[in-house]
There are 2 protein chains.
Amino acid sequence: MAGRAISGPCQAWPEESGFIREVLDRIGDKWTVLVISTLSGSSLRYSDLQASIPGISQRMLTVTLKALERDGMILRTAYPEIPPRVEYELTALGRSLLDSAMALVSWAVAHHEDVGASRRAHEQTGVGREKARAAASEDSPVR
Amino acid sequence: MAGRAISGPCQAWPEESGFIREVLDRIGDKWTVLVISTLSGSSLRYSDLQASIPGISQRMLTVTLKALERDGMILRTAYPEIPPRVEYELTALGRSLLDSAMALVSWAVAHHEDVGASRRAHEQTGVGREKARAAASEDSPVR
DNA sequence: CCGTATCCTCTATGATACTG
DNA sequence: CAGTATCATAGAGGATACGG
C-alpha cells in the first residue's frame, strides 16, 4: 500500500520492517513468551503447560502452541496411548529465541519500578494537560 | 484476578507475569519498536518521525509517543515558536530498552529464513492433518 | 487427556476531519 | 507544524460446550 510513497529525509525502515513485525507480533502476543519460557526447563505435557501458566485458556494455549510449532520453535510429540499423552519441547530455534526473549523479561524485572515511577509522576503533575506558556523565547521550551 | 486459584505441580509464573506482560505488550504493539529505533540516532520532530516510519497514522504516532513518554522512555520538548516545533528523544531508560529490543530484531534478521522454511514444511507435509496411526506402541509416537 | 468448534466482547488500529 | 476528536472495523482473546 505504502510502496515508496515517501521520498523524505531518511528512510529509516525500508523492507525489513515486514518480517521484523512478524517476529514482534509473535513474541508480543499475550502468551508466546510465557509458553516458551515455561518450556525452557524441560518438555511438558499440554495439561502441565495449562497448570503452569495461570489464566491461559484452552483455546489460547492451543493456538499459541500451533503457531510456535508451525514456526519451528517447539516440537510436538503425541504418544498414542490411553489416555493420550502429548509432549512439547523447545527446538534449537526455540531456544535461540528464548535467549533474546529473556533479555526482555530481564529488562522488565529490572526496570518496572522506573516505569511505574514515571507513570505516577505523569499522573500527579498532570502532564498532558500541560499549560501552554505564553512566553515564546527560544531557550525556554515547554515540557 | 487469578489469585492463587491453582495449586498445581509447579507455579512457573507467580505474580511477575503481570508486569512482564505489560512490557511485552508495549514492545509487541505495532509501532513502539519502530519509533524507539528511529529515535536511536538522534532526537527528531513529530513530522520527521512520521516521514521516517512509513505507514504510521497520525493517531498511532501520537498514541505511541504519549505511551512512551508516560513510561519514561522518551522525552518530549516543545518549543513555543511559530511555527511550533516539538522534539522527541530517548531517555536513558528508553535506550536500555532499545538494547534488548534490538536483540530481538537481530534474532528476526538472523532466523527469519528458518522460520519461513519451517512454515513451508508444515504446509507441504500437511502437519495438522496428521494421520492418526492405528498402532499404539510406546516407542513410536506420532508427530 | 487433549484438544476443536462457536459465540461474544473488547481493544488496537486506521481513516477522516478539525484546531491552536 | 503538531496535534485532537470522532467514527468505524478487524481481529485478538476469553467462555463454554462438544468430540476423539
Side-chain angles (χ1 to χ4, degrees), chain A residues 1-2 5 8-9 21 24-32 34-35 43-51 53-69 76-88 127-134 136 141-143, chain B residues 1-2 5 8-9 21-22 24-35 43-69 74 76-88 127-134 136 141-143:
Chain A
M1 299 185 181
R21 285 296 335 286
L24 292 173
D25 276 352
R26 174 74 15 94
I27 65 95
D29 79 57
K30 207 165 181 175
W31 303 109
T32 295
L34 258 27
V35 168
S43 62
L44 290 174
R45 306 177 57 165
Y46 184 90
S47 50
D48 291 335
L49 283 167
Q50 192 162 31
I53 305 173
I56 195 170
S57 63
Q58 282 193 325
R59 175 182 152 78
M60 287 329 296
L61 180 54
T62 300
V63 168
T64 304
L65 288 171
K66 291 244 179 198
L68 287 173
E69 188 195 3
R76 175 185 185 275
T77 309
Y79 298 88
E81 308 167 344
I82 304 293
R85 180 165 57 101
V86 179
E87 300 236 330
Y88 293 92
V127 176
R129 298 175 293 147
E130 68 189 42
K131 356 172 176 195
R133 299 258 300 275
V142 176
R143 287 271 187 89
Chain B
M1 297 185 179
R21 285 297 333 289
E22 272 188 61
L24 292 173
D25 275 352
R26 175 73 16 94
I27 67 94
D29 79 56
K30 206 164 180 174
W31 303 109
T32 295
V33 171
L34 259 27
V35 167
S43 64
L44 291 173
R45 306 177 56 164
Y46 185 90
S47 51
D48 291 335
L49 283 167
Q50 193 163 32
S52 297
I53 305 174
I56 196 170
S57 62
Q58 281 192 326
R59 175 179 155 76
M60 286 331 299
L61 180 54
T62 299
V63 167
T64 304
L65 288 171
K66 291 244 177 199
L68 286 174
E69 189 195 4
I74 63 175
R76 175 186 185 276
T77 309
Y79 298 88
E81 309 168 343
I82 304 293
R85 181 166 56 103
V86 179
E87 299 236 330
Y88 294 92
V127 176
R129 298 176 294 148
E130 70 188 39
K131 357 171 177 199
R133 300 258 300 275
V142 175
R143 288 268 190 87

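In the text below, chain A, chain B and the rest are named by the order of the sequence lines, each starting its count at 1.
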Practice item. Select base, sugar-phosphate, or nothing to describe what A:T62 touches, counting heavy atoms under 4.0 Å on all strands. Key: base
Quickly work out the [X] [atom1] to [N] [atom2] distance and round it to whole Å.
X     : N      : atom1 : atom2 : result
A:L61 : D:dA12 : CG    : C1'   : 16 Å
A:Y88 : C:dC1  : OH    : C1'   : 11 Å
B:E87 : D:dA2  : CD    : C1'   : 13 Å
A:I56 : C:dG3  : CD1   : P     : 13 Å
B:L44 : D:dC1  : CG    : C1'   : 15 Å
A:D29 : D:dA10 : CG    : P     : 21 Å
B:R85 : D:dA2  : CZ    : P     : 9 Å
A:L34 : D:dA12 : CG    : P     : 18 Å

Measuring from atom [atom1] of [X] to atom [atom2] of [Y], what distance do you get when rounded to the nearest 0.5 angstrom?
X     : Y     : atom1 : atom2 : answer
A:D29 : B:D25 : CG    : CG    : 9.5 Å
B:T64 : B:K30 : OG1   : NZ    : 11.0 Å
B:Y79 : B:T77 : OH    : OG1   : 5.0 Å

For [X], give me all partners under side-chain hydrogen bond (donor to acceptor under 3.5 Å, both in side chains), at least two apart in sequence or on another chain.
X     : value
B:Q58 : none
B:S43 : B:E87
B:S57 : none
A:S47 : none

Review point. Is the shortest side-chain N/O distance from B:S47 to OP1 or OP2 of D:dA2 below 4.0 Å?
Key: yes
Check your understanding: For C:dT13, does either OP1 or OP2 sit under 4.0 Å from a side-chain N or O belonging to A:R21?
Key -> no
Side chain of [X]: nearest nucleotide among [options]?
X     : options               : answer
B:M60 : D:dG13, C:dC2, C:dT13 : C:dT13
A:K66 : C:dG14, C:dT4, C:dC2  : C:dT4
A:R45 : D:dA2, C:dC1, C:dG3   : C:dC1

Under-3.5 Å N/O pairs linking protein and nucleotides 18-20 of chain D:
none

Review point. Which heavy-atom pair separates B:I56 from B:Q50 by the least distance, and what is that distance?
Key: O-NE2, 4.0 Å
Exercise for review: Could you tell me which non-hydrogen atom of A:L34 sits nearest to which non-hydrogen atom of B:R21, and how far apart they are?
Suggested key: CD2-CD, 4.0 Å
Which protein N or O atoms sit under 3.5 Å from an N or O of nucleotides 5-8 of chain D?
none

Exercise for review: Could you check if a side-chain atom of B:L65 sits within less than 4.5 angstrom of a side-chain atom of B:L49, using non-hydrogen atoms only?
Suggested key: yes
Practice item. Please tell me if the side chains of A:T32 and B:L24 come closer than 4.5 Å, counting only heavy atoms from C-beta onward. Key: no
Exercise for review: Could you pick out which residue, A:W31 or B:V86, lies toward the 5' side of DNA chain D when each is mapped onto its nearest nucleotide?
Suggested key: B:V86
Point to revise | Divergence of helical axes at both termini of the helix from C:dC1-D:dG20 to C:dG20-D:dC1 - five pairs an end, 10° steps | key: 50°
